[in-house]
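Everything below concerns the one structure shown next.
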Amino acid sequence: MTTKSLQKIQFSHLIPHSGSMSLIDKVESWNEKEIYCSSESHLSSNNPLRLNNSLSAIHLIEYGAQSMAIHGGLLSGKSSPGYLAAVRGAHFHIDTLDNIKGLLYIEAKAELKIDNGAVYGFYIYDHTKTLLLDARATVIHTNS
């Protein structure tokens, strides 16, 4: 595992989101197979996914997808625009993020990489290492 952590300014160009929609704060570590990220953006009252002052657990999928995008960009050295084509086997262990007060930790593991896409398994934990979501996602790149 690469031990060098990266701050948002070092990877923000690798995802299509900007401003408050860029949800990942830090890459803790990564290698060619996996990435470990962290975030506190769920705590922000300005989180663009917030509705009626609540943040649904369904939005954890976006945290996983952004971690996948950062990983793909770190591997290729550039942004690789794409679409989240499928999410399967999603197990939500909470309903909302409203009571999660510390960091989120996102672990994404590349299960299959092809020229125009990838399949990842991802896991999101709270600061106590309690599992909040586990799922698999497929991304298809618009240009390879």
Side-chain angles (χ1 to χ4, degrees), residues 1-51 54-90 92-94 96-144:
M1 184 64 63
T2 300
T3 57
K4 182 181 176 188
S5 65
L6 302 172
Q7 299 301 317
K8 186 179 280 196
I9 195 163
Q10 297 171 286
F11 60 79
S12 61
H13 65 286
L14 299 174
I15 61 173
H17 303 300
S18 62
S20 61
M21 193 56 205
S22 179
L23 301 175
I24 305 301
D25 295 327
K26 184 177 181 182
V27 171
E28 301 287 343
S29 61
W30 65 281
N31 63 26
E32 72 274 352
K33 296 276 187 189
E34 55 197 15
I35 188 167
Y36 295 89
C37 302
S38 61
S39 178
E40 289 184 312
S41 65
H42 64 291
L43 299 172
S44 173
S45 60
N46 295 332
N47 186 306
L49 301 174
R50 198 171 285 285
L51 179 63
S54 183
L55 194 58
S56 171
I58 194 84
H59 295 114
L60 289 171
I61 291 172
E62 181 63 24
Y63 284 83
Q66 287 191 24
S67 294
M68 292 165 48
I70 294 165
H71 187 247
L74 288 170
L75 291 176
S76 69
K78 61 181 180 170
S79 176
S80 299
Y83 295 99
L84 190 61
V87 175
R88 294 191 170 97
F92 294 92
H93 303 280
I94 58 169
T96 71
L97 297 174
D98 300 342
N99 295 319
I100 308 299
K101 302 300 180 199
L103 284 171
L104 293 177
Y105 293 97
I106 306 99
E107 173 185 349
K109 296 182 177 191
E111 297 176 359
L112 174 67
K113 305 248 331 148
I114 56 175
D115 288 342
N116 67 336
V119 176
Y120 279 80
F122 63 89
Y123 312 86
I124 302 179
Y125 303 89
D126 70 6
H127 65 286
T128 68
K129 305 299 184 202
T130 299
L131 183 62
L132 306 177
L133 169 67
D134 58 286
R136 293 180 76 220
T138 302
V139 64
I140 302 298
H141 298 290
T142 55
N143 54 2
S144 45

My understanding is that only residues two or more places apart in sequence, or in another chain, count here; which of them pass side-chain hydrogen bond (donor to acceptor under 3.5 Å, both in side chains) with R136?
E111
Residues forming a side-chain hydrogen bond (donor to acceptor under 3.5 Å, both in side chains) with S54, sequence neighbours excluded:
D98
For a quick test of reading the model, state the closest non-hydrogen atom pair linking A90 to A135 and the distance between them.
CA-CB, 3.8 Å
Ignoring hydrogens, what is the shortest heavy-atom contact between T138 and R88? Give both atom names and the distance.
OG1-NH1, 4.2 Å
I would like to know whether S5 and E28 meet side-chain hydrogen bond (donor to acceptor under 3.5 Å, both in side chains); could you show each step before the answer?
CA-CA 5 Å; S5 65; E28 301 287 343; 5.8 Å; no
Tell me which donor-acceptor pairs under 3.5 Å the side chains of residues 20-27 have, and how far apart each pair is, sequence neighbours excluded?
| residue | atom | partner | partner atom | Å |
| --- | --- | --- | --- | --- |
| D25 | OD2 | E40 | N | 2.6 |

Within 45 degrees of the ring normal and closer than 6.0 Å to the centroid, is that where the cationic atom of K109 sits relative to Y120?
no
Measure from the side-chain N and O atoms of H17 to the backbone N and O of S12, and report whether any donor-acceptor pair falls under 3.5 Å.
no
Sorted by chain and number, sequence neighbours left out, side chain to side chain contact (heavy atoms under 4.5 Å, CB included) with H42 holds for L55, Y63, L97, I100, L104
Does a side-chain heavy-atom distance below 4.5 Å link I94 with L133?
no
Salt bridge (charged side-chain N to carboxylate O under 4.0 Å, His left out) partners of E62, counting only residues at least two apart:
none
By ring-ring contact (aromatic ring centres under 6.0 Å, His included), F122 pairs with (sequence neighbours left out) none
If only side-chain N and O atoms count, and only distance matters, is there a donor-acceptor pair under 3.5 Å linking N46 with S44?
no
Scan S38, C37, S39 and name whichever one has a side chain to side chain contact (heavy atoms under 4.5 Å, CB included) with S67.
C37
